[in-house]
**Q** 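Have a look at the structure that comes next, please.
Numbers restart at 1 for each chain; the letters A, B, ... are given by sequence-line order, proteins then strands.
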Protein chains: 2
Amino acid sequence: MSGVDHAERRQRIAAVAADVIAREGLDAATVRRIAAAVGYSTTIVTHYFASKDRLLMQAYRFVAQQASERFDQVVAQDPGDIVGSLLSMTAADDSSRRGWRVYIAFWQKAGPDPAFAAEQRRWIEVALDRIEQVLRVRHGERADLKSVAQWLNALVQGISVQALFDEASWSPEQIREVLQRQVRMLLGPARDA
Amino acid sequence: MSGVDHAERRQRIAAVAADVIAREGLDAATVRRIAAAVGYSTTIVTHYFASKDRLLMQAYRFVAQQASERFDQVVAQDPGDIVGSLLSMTAADDSSRRGWRVYIAFWQKAGPDPAFAAEQRRWIEVALDRIEQVLRVRHGERADLKSVAQWLNALVQGISVQALFDEASWSPEQIREVLQRQVRMLLGPARDA
């Protein structure tokens, strides 16, 4: 397998696994099914991911990484864009909704499995740190930044799981408006406003 | 099987299925495993629930019904107790957390499966109607009751999925305080305050 880009193969398999999990559910995401979808043999897929759990873990990291990149793009434009960066985390478009479906599949495993639970907590920390940083840019140092970040993150989580099943009540415009009002209620006007 | 209380058996099986799903995850909740835990033969369990999906559906209804009863108990004491009734829905104690783990397992199936999605939407409607009714008692008729109920329900959902994995940040006292502040921010003082 000289000349094979292993990192790229792992990534392609993870992306396809995320797709299958999001569209068809975790039960459907067998090594055989993923292999067929990505066009590799089951032997190759098993070489990279020895079990279905490893596939799920990598699919989760893949969509979490994609969400991070969406967040980064918003913050690159405006490091204090709280509403925009929260919106980038929310299940407000097809790509995000795919990610949320994978998160839910992952959460289901994170209850009983300590490795999944640890990974989940790690990403919660990442999300909270990043929200806190945007809040700090926009509102300066404040004692309540951590708790405000937790509150906003909880709202993002809750809107997203609702939006997956009740899209009509949670259009992107409605999501933005709720996030905007919540930020204003919790923080008041920006420091430079 | 004369003299057998079928409704009671179905309920017992659903309760045990909910326990196994919450503690060990959906993969563990096989008909064989549930039968062993409840002390029935697999033949009997299969008689009531022909498939694992039927078991999950019934386990979900069981915990959703339990959550409804917790809500009813709060409202029976005080029909306008918004914070108390929201708190009764949230993953703030062991019994609620068990319920939330089953919800998450259920959501994972509700993505690809229309029957699960319809059931899920039905329970969202039930929750929103009940929250709206408590808001109405407390604050009278207002044009924004539905959207406030959706907002509060989203927060309850988000806090709960966070509390499952980050219990330290979301103690019952912290959850109550956030719900209390959110209600006050969205609705102001009660009509009779």
**Q** Tell me, for B/Asp113 versus chain A, whether the close heavy atoms (under 4.5 Å) come from the side chain, the backbone, both or neither.
**A** neither
**Q** Look at B/Ala154, B/Ser169, B/Gly111 and state which one has the largest set of heavy-atom pairs under 4.5 Å with chain A.
**A**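 Looking at each option in turn, the highest pair count goes to B/Ala154.
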**Q** For A/Leu155, is it the side chain, the backbone, both, or neither that has a heavy atom closer than 4.5 Å to a heavy atom of chain B?
**A** both
**Q** Hydrophobic clustering (ILVMFWY, side-chain heavy atoms < 4.5 Å, transitive) - are A/Ile82 and A/Leu128 grouped together?
**A** yes
**Q** Which one, B/Lys109, B/Arg101, B/Met185, leads in non-hydrogen pairs under 4.5 Å with chain A?
**A** B/Met185
**Q** In terms of hydrophobic clusters joined by side-chain contacts under 4.5 Å, are B/Phe106 and B/Leu164 together?
**A**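 Both belong to a single hydrophobic cluster.
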**Q** Can you establish whether the number of heavy atoms outside A/Arg122 located under 6.0 Å from its atom CZ is more than 12?
**A**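 Counting other residues, nucleotides and ligands, CZ of A/Arg122 exceeds 12 neighbours.
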**Q** Heavy atoms, side chains only, cut-off 4.5 Å: are B/Gln150 and A/Asp166 in contact?
**A**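 B/Gln150 vs A/Asp166: side chains touch.
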**Q** Taking side chain to side chain contact (heavy atoms under 4.5 Å, CB included) as the criterion, tell me which of A/Gln162, A/Gln174, A/Gln182 meets it with B/Trp151.
**A** A/Gln182
**Q** Using a 4.5 angstrom heavy-atom cutoff, name the option from A/Val156, A/Val178, A/Asp27, A/Leu186 with the most pairs to chain B.
**A**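 Most heavy-atom pairs under 4.5 Å with chain B: A/Val178.
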**Q** As an exercise, state the distance from OG of B/Ser147 to CZ of A/Arg181, rounded to the nearest 0.5 Å.
**A**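 Separation between the atoms: 7.0 Å.
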**Q** Are any non-hydrogen side-chain atoms of A/Trp107 and B/Val161 less than 4.5 angstrom apart?
**A**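 Touching, per the 4.5 Å side-chain cut-off.
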**Q** Would you say A/Tyr60 ends up clustered with A/Leu26 if hydrophobic residues are merged whenever their side chains have heavy atoms under 4.5 Å apart, either directly or through other cluster members?
**A**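 Yes; tracing contacts between hydrophobic side chains, which count when under 4.5 Å, links both residues.
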**Q** Is the number of heavy atoms from other residues, nucleotides or ligands under 6.0 Å of B/Arg32 CZ greater than 12?
**A**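 At most 12 heavy atoms, drawn from other residues, nucleotides or ligands, come within 6.0 Å of this atom.
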**Q** Are B/Leu152 and A/Trp170 in one and the same hydrophobic cluster, where Ile, Leu, Val, Met, Phe, Trp and Tyr link if side-chain heavy atoms are under 4.5 Å apart?
**A**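 Both belong to a single hydrophobic cluster.
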**Q** Consider only side-chain heavy atoms of I, L, V, M, F, W and Y, link residues closer than 4.5 Å, and tell whether B/Val134 and B/Val183 are in one cluster.
**A** yes
**Q** Name the region of A/Arg121, side chain, backbone, both or neither, that has any atom closer than 4.5 Å to a heavy atom of chain B.
**A**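 It is the side chain, since no backbone atom gets that close.
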**Q** Heavy-atom distances under 4.5 Å only: say whether B/Ile124 touches chain A with side chain, backbone, both or neither.
**A** side chain
